[in-house]
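Worksheet: the structure to be examined is printed underneath.
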Amino acid sequence: MRSAVKWEKSFGMAFAFKEDLSYGKVYEYRFNTAEIKTPLIEAAHRAGWGWRGVAFGKL
């Protein structure tokens, strides 16, 4: 049985007054699970291992 794969992307930024009293972007982020999962899965397969995506379930 193959488990369902969840992929997620998110991004955001915030603007605020800075310490020098100027107003502007104070942070920006992006997150993509494929950037993390894909290289790990490929490395496991190259090593001859399987990949079993388990989160909050039985191993």
Side-chain angles (χ1 to χ4, degrees):
M1 177 182 213
R2 191 165 181 105
S3 63
V5 177
K6 179 179 179 187
W7 302 100
E8 181 178 331
K9 288 185 179 187
S10 61
F11 56 90
M13 68 177 69
F15 291 83
F17 288 101
K18 301 177 185 180
E19 290 180 13
D20 63 2
L21 301 180
S22 65
Y23 185 79
K25 183 168 48 174
V26 291
Y27 71 83
E28 182 175 6
Y29 73 90
R30 67 182 182 85
F31 180 77
N32 181 353
T33 55
E35 291 178 3
I36 297 167
K37 283 183 173 180
T38 302
L40 292 173
I41 293 168
E42 289 172 355
H45 289 159
R46 279 194 307 271
W49 299 350
W51 182 267
R52 193 176 212 189
V54 177
F56 308 109
K58 294 180 181 180
L59 293 176

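Keep in mind the model is a prediction, meaning the values are calculated, not measured. Hydrogens, waters and symmetry mates play no part in the numbers below; they use all other heavy atoms, side chains included.
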Could you pull out all donor-acceptor pairs under 3.5 Å where a side-chain atom in residues 8-15 meets a protein atom, sequence neighbours excluded?
none

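When all heavy atoms of Ala34 and Pro39 are compared, the pair lying nearest together is O-CD, 3.6 Å. In this structure, Ala44 and Gly50 approach most closely via the heavy-atom pair CB-O, 4.1 Å.
No donor-acceptor pair under 3.5 Å is formed between the side chain of Ser22 and the backbone N or O of Lys18.
Here Arg46 pairs with nothing under the salt bridge (charged side-chain N to carboxylate O under 4.0 Å, His left out) rule; sequence neighbours left out. The ring-ring contact (aromatic ring centres under 6.0 Å, His included) check on Tyr27 picks up nothing, with sequence neighbours excluded. Scored by the side-chain hydrogen bond (donor to acceptor under 3.5 Å, both in side chains) test, Glu19 finds no partners at all (sequence neighbours excluded). When the side chain to side chain contact (heavy atoms under 4.5 Å, CB included) test is applied to Ile36, the partners found at least two apart in sequence or on another chain are Phe31, Leu40.
Applying the ring-ring contact (aromatic ring centres under 6.0 Å, His included) rule to pairs touching residues 34-53 yields nothing, sequence neighbours excluded.
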